[in-house]
Q: 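Quick one: this structure, given as C-alpha cells, is what I'll be asking you about.
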Amino acid sequence: MKLTRDQIEKLAHLARLEFSDSEMDEMMNDLDKMLGFVDRISELDLKGVEPLIYMNPEVDKLREDKAEIRITKEDALKNAPNRDTDYFRFPRVLKDS
Amino acid sequence: MAYSDYPSYRKELESGSLTVVAEVERILEKIDQSAHLNAYLEVFASDARARASVIDQKIAHKTAGRLAGMVIAIKDNLCFKDHKVSASSKILEGFQSLFTGTAIERLLAEDVVIIGRTNCDEFAMGSSNLNSAFGPVLNPLDNSRVPGGSSGGSAAALAAGLCHASLGSDTGGSIRQPASFTGLWGLKPTYGRISRHGLIAYASSFDQIGPFALNAYDSALLLEIMAGKDEYDSTCSEQAVPSYSKHIEEPVSKKKIAVFKSVLNHQGLDPAVQANFHQQIEQLKQKGHTVEEVDFDYLDYLVPVYYLLTTAEASSNLARFDGVHYGFRASEAEEPEAVYKKSRTQGFGKEVKRRILLGTFVLSSGYYDAYYGNAQRARRLVTNEMNTLLEKFDFILTPTTPHEAFRLDRKDTDPTVMYLEDIFTVLANICGLPAVSVPTGYGSSKLPLGTQLMGKAFSELELLQTAKQLG
C-alpha cells in the first residue's frame, strides 16, 4: 500500500514530529519502500493463528503493594531541561481568558 | 601484556606480577591513542583509576569479587548511576542516570571496572553504527569499514584492546553482527535470561543485554553473573542460573545440528562466507556431530515481521522523550505542543524518526490488525516452527552475516537494503532464543567472518560448549 501526504502528516502529528517539505518528500519515499518491504507478510496464511504477545511463558509474579520512595525530589528534578526549586517548568497549558 | 582470558589475568593479579591500577593505566593510554576510532563517547578515567586501587587492595586482602579488575566498556544505552547515558541521541543531551541497571550492578558487585560508555546506533537502531548522533565508529581492523551495529562501539573497543570485555544490547542482531564484523564472541541470551532493568528500551519484547568477549569462558562467566531473576523486570525469568563458566570446558556429547536450505542457497550470500560456512559444517561433522539440511520457508518473512513489531514497540517506547522532564528541550518552543514537536524533531535522528513513523502507522486505527496483529500472528507461526525444529535438533547453524564488514561510505537509497543485514540474526529475537556468533575465519578482504549457533530457550551452557567447536 502507498501512503498519501495527508496520511503521513497525520502520522507525524500523532508521533509529535515535524517535517519540512523536502523532508516530507524523502519520508514519503522511505515509508513507501518500508511498507512495500513489510507488506510481504500478507503472503502468509495467518488465519486462525493466535497472536504471540508475551515472550516469557512464566506466570506473572506478584509483590507486596507497599509504597517506597526510591527517588528524591532533588534527583527527579536533576535532569530537567527547565526547573525551579520544586517544580519542572513548562509553557503554560491553560491560557488566561 | 595483552589480555587473553579472565583466569590468566586473575592469576597475574593474584601473583602480584600485575595490578589493576597498572592495567587500567595501560588501557587508558591505549584508548587515548585510539581516539580516532570514536568507540567511546566518554571514558570514566578518574572513576576507573579510583576503583582500580580499591580492587587492588581487595585482591591483597583476598576479598575481591569473581570479576575483580576486569575492565568493561558499556554500550551507551545502559544506565550507570551518576554517569551520562544518551543512547547516542541528542534527545538525551546532558542526561545522567539516577540508578544503575541490574546487569551492571551485578558486575560491579563482583569488582569490575567500568571504563567508559561506547558509541552505538541511535536508540540501538541500525546495523552500521552510522546512525549515531556522535559520528560513526571505525572498524579497528580496517578503518574504512564499519564495525557493525548497533553495538558498534562496544565491539570496536574490545577488538582494539580498549577493554577486556564489553556489553551490548541485541534486538535483531546488534551484538552478533558487530561481533562477526570485528572477530569477537557475541552472545544474545534467551529472552528473559538477563534483566532489562536499566537498558534504554527500543523494542521491549526483543531486547536483550549480552556480552562481547574474546572467548567462550569469559562469555560464560559474564552471563552467569548478569543472569537471573530481578524484581525490577517482570519479564526476567526466574529459572535458576547454571554455573556456565564451571562447566564450559566439559566435553560435549554428539549434537544434532540443522542448517536451512534457504540460507545455504541465499542469493545475497558472499562466496567467502559460503565457503567458510561449509568448512564449519565439515568440521562439526568430523567431530562426530550430525549436520542436516532442512527446509525453512520463513527466511524472507523474518525481517519484515521484525520491522513491523519493533517499530511499533519503538514508537511507544520513545513516546517518553518529550522534552518535559529530562533531556533535550528545543529552546524556541513556547507552546506545550510545540515543546513536544520541536524537541522530538530536533532531538531524534532520521532513522529513529522513520521507525517511529512506521510504528505509528502499523499501530494506527484501521491498519492495526493487518500489520501489527498479523506480525504477531506470524511471530507465533515462526516460533512454533522453530520449537518443532528444536525438538528434533539441538541447534541451528547459520553464518552470522551475509558478508564481511562493509565500507563506511556505503550509500543506500533504500533503507530496507540495510535492514537485510540482519537476515540471519533476527530469528533468535523473534523467537526469544539464545544465539552466539563465533569468529570462524576471514573474508576476501581479510576481515573476520562469524558463524552463528542458535539453540533452545535457556540452553546457553550447551550453546557455548558446542560453539567452542567452531572456528
Side-chain angles (χ1 to χ4, degrees), chain A residues 1 3 7-8 10-20 23 26-27 29-31 33-63 70-72 75-83 88-93, chain B residues 94-96 98-99 191-192 205 231 234-239 300-301 303-305 307-308 315 322-329 333-342 344-345 348 353-354 356-358 360-362 364 370-371 373-381 383 414-416 419 432:
Chain A
M1 85 163 276
L3 291 178
Q7 276 177 304
I8 295 183
K10 191 181 166 208
L11 289 176
H13 170 69
L14 288 172
R16 299 295 185 268
L17 292 170
E18 289 175 337
F19 297 101
S20 68
E23 285 171 336
E26 196 186 342
M27 224 19 108
N29 188 36
D30 288 350
L31 274 187
K33 295 198 166 104
M34 289 160 81
L35 271 176
F37 181 72
V38 296
D39 261 336
R40 282 208 72 156
I41 73 152
S42 61
E43 296 166 14
L44 294 170
D45 182 11
L46 300 167
K47 255 193 241 104
V49 180
E50 190 64 24
L52 179 55
I53 297 169
Y54 302 108
M55 296 311 291
N56 183 343
E58 293 169 34
V59 179
D60 272 349
K61 302 131 258 212
L62 300 176
R63 60 166 169 77
R70 286 184 174 152
I71 294 178
T72 62
D75 269 353
L77 288 166
K78 179 176 148 180
N79 286 299
N82 192 355
R83 57 171 284 190
F88 294 98
R89 293 191 61 98
F90 193 67
R92 182 183 286 265
V93 176
Chain B
F95 181 81
Q96 280 197 1
L98 301 180
F99 67 96
Y191 184 79
S205 77
E231 66 169 314
S234 66
T235 66
C236 187
S237 173
E238 299 202 312
Q239 281 208 34
D300 292 330
Y301 301 98
V303 184
V305 167
Y307 275 91
L308 282 165
S315 74
D322 57 6
V324 179
H325 299 102
Y326 51 84
F328 169 78
R329 182 186 293 183
E334 286 170 5
E335 297 287 319
E337 191 173 280
V339 172
Y340 304 142
K341 284 190 173 174
K342 292 200 185 310
R344 287 167 64 80
T345 297
F348 288 136
K353 288 180 200 169
R354 275 200 284 251
I356 289 175
L357 273 195
L358 182 65
T360 306
F361 171 71
V362 306
S364 65
Y371 287 99
N374 275 342
Q376 288 182 316
R377 289 182 187 96
R379 190 177 200 182
R380 168 87 60 191
L381 214 57
T383 303
D414 179 345
T416 65
Y419 297 172

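Reckoned from all heavy atoms, side chains included, excluding hydrogens, waters and symmetry mates. Protein chains get the first letters and strands the later ones, always in sequence-line order, with residue 1 at the start of each.
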Q: In terms of heavy-atom proximity below 4.5 Å to chain B, should A/Phe19 be classed as side chain, backbone, both, or neither?
A: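 The answer is the side chain of A/Phe19.
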Q: For A/Glu50, enumerate each residue passing the side chain to side chain contact (heavy atoms under 4.5 Å, CB included) test, keeping only those at least two apart in sequence or located in another chain.
A: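 A/Glu50: side chain to side chain contact (heavy atoms under 4.5 Å, CB included) contacts with B/Arg380.
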Q: Report which part of A/Met55 has an atom under 4.5 Å of a heavy atom belonging to chain B: side chain, backbone, both, or neither.
A: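 For A/Met55, heavy atoms of backbone and side chain both lie under 4.5 Å from chain B.
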Q: Mind listing the closest non-hydrogen atom pair of B/Gly327 and A/Pro81 along with its distance?
A: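 Looks like O-CB, 3.6 Å.
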Q: What part of A/Leu31 gets closer than 4.5 Å to chain B, counting heavy atoms only: side chain, backbone, both or neither?
A: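 Side chain only.
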Q: Need one label for B/Tyr191: side chain, backbone, both or neither, based on atoms under 4.5 Å from any heavy atom in chain A.
A: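 Contact with chain A is through the side chain of B/Tyr191 alone.
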Q: Given that the side chain runs from C-beta out, which part of A/Glu18 has a heavy atom under 4.5 Å from chain B: side chain, backbone, both or neither?
A: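 A/Glu18 touches chain B through backbone and side-chain heavy atoms alike.
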Q: Counting heavy-atom pairs under 4.5 Å to chain A, which of B/Asp414, B/Leu381, B/Asp322 comes out on top?
A: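 Of B/Asp414, B/Leu381, B/Asp322, B/Asp414 has the most heavy-atom pairs under 4.5 Å with chain A.
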Q: Specify which of A/Val38, A/Asp75, A/Asp39, A/Asn56 makes the most heavy-atom pairs with chain B at under 4.5 Å.
A: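 When all of A/Val38, A/Asp75, A/Asp39, A/Asn56 are compared, A/Val38 has the most.
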Q: Roughly how far apart are A/Phe37 CZ and B/Leu358 CG, rounded to 0.5 Å?
A: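 With rounding to 0.5 Å, CZ (A/Phe37) is 11.0 Å from CG (B/Leu358).
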Q: When rounded to the nearest 0.5 angstrom, what distance separates CG in A/Leu11 from OG1 in B/Thr360?
A: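 A/Leu11 CG to B/Thr360 OG1: 6.5 Å, rounded to 0.5 Å.
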Q: Can you give me the closest heavy-atom contact between B/Val339 and A/Pro91, atom names plus distance?
A: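 The pair with the smallest heavy-atom distance is CG2-CG, 3.5 Å.
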Q: So for A/Arg70, is it side chain, backbone, both, or neither that comes closer than 4.5 Å to the heavy atoms of chain B?
A: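 The side chain, not the backbone.
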Q: Under 4.5 Å from any heavy atom of chain B, what part of A/Lys33 do you find: side chain, backbone, both or neither?
A: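 Contact with chain B involves both backbone and side-chain atoms of A/Lys33.
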Q: Is chain B contacted by the side chain of A/Ile41, its backbone, both, or neither, given a heavy-atom distance below 4.5 Å?
A: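 A/Ile41 touches chain B through backbone and side-chain heavy atoms alike.
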Q: What closest approach, in Å, do A/Ala15 and B/Ile356 show between heavy atoms, and which atom pair accounts for it?
A: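 Taking every non-hydrogen atom into account, CB-CG2, 3.6 Å.
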Q: Given that the side chain runs from C-beta out, which part of B/Phe348 has a heavy atom under 4.5 Å from chain A: side chain, backbone, both or neither?
A: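 Side chain only.
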Q: Measuring heavy-atom distances to chain A, does B/Val303 have an atom under 4.5 Å in its side chain, in its backbone, in both, or in neither?
A: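 Looking at B/Val303, backbone and side chain both touch chain A.
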Q: Output all residues satisfying side chain to side chain contact (heavy atoms under 4.5 Å, CB included) with B/Thr383, sequence neighbours left out; order by chain, then residue number.
A: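 With sequence neighbours excluded, B/Thr383 shows a side chain to side chain contact (heavy atoms under 4.5 Å, CB included) to A/Leu52, B/Arg379, B/Asn387, B/Cys431, given in chain and number order.
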Q: With a 4.5 Å limit on heavy-atom distance, are the side chains of A/Ser42 and B/Asn374 in contact?
A: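 A/Ser42 vs B/Asn374: side chains apart.
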Q: Rounded to the nearest 0.5 Å, how far does CG of B/Asp300 lie from CZ of A/Arg40?
A: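 Rounded to the nearest 0.5 Å, the CZ-CG separation comes out at 4.5 Å.
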Q: Do the non-hydrogen side-chain atoms of B/Arg377 and A/Lys47 ever get within less than 4.5 Å of each other?
A: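 B/Arg377 vs A/Lys47: side chains apart.
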Q: Which region of B/Pro336, side chain (C-beta onward) or backbone (N, CA, C, O), has a non-hydrogen atom less than 4.5 Å from a non-hydrogen atom of chain A, or is it both or neither?
A: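 Backbone plus side chain of B/Pro336, per the 4.5 Å heavy-atom cut-off to chain A.
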Q: So, taking the atom named CG in A/Asn82 and the one named NE2 in B/His325, what distance separates them when rounded to the nearest 0.5 Å?
A: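 It is 12.0 Å, given to the nearest 0.5 Å.
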Q: Sort B/Glu334 into side chain, backbone, both or neither according to what part of it lies under 4.5 angstrom from a heavy atom of chain A.
A: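 The answer is the backbone of B/Glu334.
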Q: A/Leu77 versus chain B, heavy atoms under 4.5 Å apart: side chain, backbone, both or neither?
A: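 Neither part.
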Q: Heavy-atom distance under 4.5 Å to chain A: side chain of B/Glu337, backbone, both or neither?
A: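 For B/Glu337, side-chain heavy atoms alone lie under 4.5 Å from chain A.
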Q: Calculate, to the nearest 0.5 Å, the distance between atoms CG and CZ belonging to A/Asn79 and B/Phe95 respectively.
A: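 Rounded to the nearest 0.5 Å, the CG-CZ separation comes out at 4.5 Å.
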Q: Output the option from A/Arg83, A/Lys10, A/Glu23, A/Glu43 having the highest count of non-hydrogen pairs under 4.5 Å with chain B.
A: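 Maximum pair count with chain B is reached by A/Glu43.
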Q: Under a 4.5 Å cutoff for heavy-atom pairs, which residue among B/Val305, B/Val362, B/Thr235, B/Leu98 has the most contacts with chain A?
A: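 Highest number of pairs under 4.5 Å: B/Leu98.
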Q: Under the salt bridge (charged side-chain N to carboxylate O under 4.0 Å, His left out) rule, what do A/Asp30 and B/Arg354 come out as? Steps first, then yes or no, please.
A: CA-CA 8 Å; A/Asp30 288 350; B/Arg354 275 200 284 251; 2.6 Å; yes
Q: Return yes when atom NZ of A/Lys78 has more than 12 non-hydrogen atoms of other residues, nucleotides or ligands closer than 6.0 Å, and no otherwise.
A: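 Enclosed.
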Q: Considering only heavy atoms, which portion of B/Val324 lies under 4.5 Å from any heavy atom of chain A: side chain, backbone, both, or neither?
A: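 Contact with chain A involves both backbone and side-chain atoms of B/Val324.
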Q: Among A/Ile53, A/Ile71, A/Leu14, single out the residue with the greatest number of heavy-atom pairs under 4.5 Å to chain B.
A: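 Among the listed options, the one with the most contacts to chain B is A/Ile53.
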Q: Which bit of A/Phe90 is near chain B, if near means a heavy-atom gap under 4.5 Å: side chain, backbone, both or neither?
A: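 Both parts, heavy atoms under 4.5 Å.
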Q: Roughly how far, to the nearest 0.5 Å, is OG1 of B/Thr345 from CZ of A/Arg16?
A: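 Taking CZ in A/Arg16 and OG1 in B/Thr345, the distance rounds to 11.0 Å.
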Q: Looking at A/Leu35, A/Val93, A/Asn29, A/Asp45, which makes the most heavy-atom pairs under 4.5 Å with chain B?
A: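 Heavy-atom pair counts peak at A/Leu35.
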Q: Which atoms of B/Glu231 come close to chain A, meaning under 4.5 Å heavy atom to heavy atom: side chain ones, backbone ones, both, or neither?
A: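 Answer is side chain: those atoms of B/Glu231 sit under 4.5 Å from chain A.
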Q: Quick one: what part of A/Gln7 sits under 4.5 Å from any heavy atom of chain B, side chain, backbone, both or neither?
A: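 Looking at A/Gln7, just its side chain touches chain B.
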